[in-house]
Amino acid sequence: MSRRAALRRAAVREWGPLATAVRTALAERGARALALTLTATTLTALVQLVQNQSWGYGPVRALGAVRAEDPFWSALLRTPLSLFVPALDLPVWGALAQILLVFGVAEICLGRWRTLVVAYAATLAGTLYARIGVALGPEAFLGLPASDARVVDTGPSAAVVALAVYVCHQRRARFTGALVVVAMVVEVLVKDNLAGREHLAAIAVVLAVCGVREWLGRRAPAPPRPGPGVGPPRPRTGRRAPAPGTGRRRSAQGLGAGGGGTRSGAPPMRSWNFRRGPAQRTSWW
């Protein structure tokens with residue numbers, strides 16, 4: 001087998017089920033299969049446009065910017081909108097492409113509500129890690145400097161990374177999922193900042209959820225197997241089975257299977273009130 005054929009087989013084994021699911025959903029439902037994705041992409045582009053205006057920067061920061069120094073309940077209320085607030089120091093087209101691709105595949109493979117739950121849980125995990133890391137301090141393991149308390153969270157990127165890992169686990173694209181995790185680790189090693197660590201926190205939460213799902217799947221009882229001599233049920237026919245004892249009674253009375261025949265071999269009886277005539281037989285009584 002040539003190297004190109006081997007690579008093609010590996011690609012089909014890795015991405016074949018995923019590509020088939022996406023192609024089938026788009027062929028059957030069209031743009032309706034990506035309703036959440038298109039809404040998220042449009043909302044992110046609109047927020048980016050508004051926050052770049054002099055009159056819109058303040059409201060967007062007040063409603064969708066989450067920092068570790070903010071009060072907890074206030075940050076919790078801002079977290080859903082922070083999913084759609086892209087970073088100002090990064091090109092917005094990159095965030096839009098990530099949302100369109102990863103959210104779209106996740107919406108098709110996971111469904112609308114599960115995609116939202118995973119995205120929100122990943123963003124919330126990054127926000128909580130920032131608070132815990134700042135509280136621990138830079139000297140502690142996984143701690144963060146105090147200056148990170150004033151840094152705005154990652155926006156949609158943590159949700160994108162978490163959804164990519166979750167979909168790869170569900171569709172058994174293990175190489176792709178491992179590649180995403182390795183890329184995030186390398187990002188932190190090359191440029192250690194709050195965004196990279198929040199990505200790792202989101203990945204850790206998703207991997208924990210995947211591990212629990214695998215454990216519960218292995219503990220689920222297997223369906224009962226039929227015992228020896230027990231076969232599949234016989235198909236029902238239009239003829240009803242005879243009641244128990246019917247065959248014995250019929251054979252004792254001399255009747256056949258269809259109810260015909262005589263009881264004792266004697267000629268049939270005639271009624272006593274038949275009028276006798278020359279062409280009529282007389283009664284046996």
Side-chain angles (χ1 to χ4, degrees), residues 7 10-11 13-15 17-18 44 66-68 79 82-83 85-106 109-110 114-115 117-215:
L7 289 176
R13 185 169 57 251
E14 180 77 8
W15 299 310
L18 190 62
T44 303
V66 178
R67 293 174 289 264
T79 301
S82 70
L83 281 169
V85 180
L88 286 172
D89 56 342
L90 297 176
V92 67
W93 61 265
L96 296 179
Q98 290 177 0
I99 293 174
L100 189 62
L101 176 63
V102 178
F103 268 69
V105 174
C109 296
L110 306 179
R114 191 184 298 181
T115 300
V117 168
V118 173
Y120 182 76
T123 305
L124 187 61
T127 301
L128 294 178
Y129 164 73
R131 291 177 173 273
I132 296 173
V134 169
L136 292 175
E139 295 82 9
F141 178 67
L142 298 179
L144 296 172
S147 59
D148 284 346
R150 296 182 293 274
V151 178
V152 181
D153 68 352
T154 60
S157 58
V160 167
V161 171
L163 284 172
V165 174
Y166 194 91
V167 171
C168 289
H169 171 266
Q170 191 210 40
R171 296 292 169 168
R172 295 297 186 260
R174 302 185 186 276
F175 178 77
T176 306
L179 194 62
V180 173
V181 175
V182 170
M184 295 300 103
V185 173
V186 171
E187 177 191 12
V188 172
L189 294 178
V190 173
K191 186 179 180 180
D192 190 5
N193 55 12
L194 179 61
R197 294 200 175 202
E198 286 186 350
H199 293 166
L200 293 182
I203 290 175
V205 170
V206 168
L207 290 179
V209 173
C210 295
V212 171
R213 292 182 70 247
E214 288 287 339
W215 180 70

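What you see below is based on every heavy atom in this structure, not just the backbone, and it leaves out hydrogens, waters and symmetry mates.
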Would you call Pro156 and Gln98 a side-chain contact if the rule is heavy atoms closer than 4.5 Å? no
Asn193 side, atom CG; Leu144 side, atom CG - distance, nearest 0.5 Å: 10.0 Å
Out of Val118, Thr115, Val206, Leu110, which residue meets the side chain to side chain contact (heavy atoms under 4.5 Å, CB included) rule with Val167? Leu110
Pairwise distance NE2(His169) to CD(Glu214) - rounded to 0.5 angstrom: 3.5 Å
For atom CZ of Arg150, is the number of surrounding heavy atoms from other residues, nucleotides or ligands below 6.0 Å larger than 12? no
Return yes if some donor-acceptor pair links the side-chain N/O of Thr123 with the main-chain N/O of Leu83 below 3.5 Å, else return no. no
Side-chain heavy-atom pair Phe175, Arg13 within 4.5 angstrom cut-off: no
Heavy-atom pair with the smallest gap, counting every atom of Leu163 and Ala106: CD2-CB, 4.1 Å
Quick check for you: to the nearest 0.5 Å, what is the distance between Met184 atom CE and Leu189 atom CG? 11.5 Å
Is it true that a side-chain atom of Glu14 and a backbone atom of Thr176 form a donor plus acceptor pair closer than 3.5 Å? yes
Report yes if some heavy atom in the side chain of Arg171 is under 4.5 Å from a heavy atom in the side chain of Cys109; otherwise report no. yes
Spacing of CG belonging to Asp153 relative to CG belonging to Leu124, to within rounding of 0.5 Å: 10.5 Å
Please answer whether the main-chain N or O of Leu142 pairs with a side-chain N or O of Tyr129 as donor and acceptor at a distance below 3.5 Å. yes
Quick one: closest heavy-atom pair of Ala158 and Ala202, and the distance? O-CB, 3.9 Å
Looking only at heavy atoms, which two atoms of Ala95 and Pro86 are closest? And how far apart? CB-CB, 4.3 Å
The criterion is salt bridge (charged side-chain N to carboxylate O under 4.0 Å, His left out); which residues satisfy it with Arg131, sequence neighbours excluded? none
If we ignore hydrogens and angles and just use 3.5 Å, is the side chain of Arg197 paired with the main-chain N or O of Gly143 as donor and acceptor? yes
Nearest heavy-atom approach of Gly126 to Ala201 is CA-CB, 4.4 Å
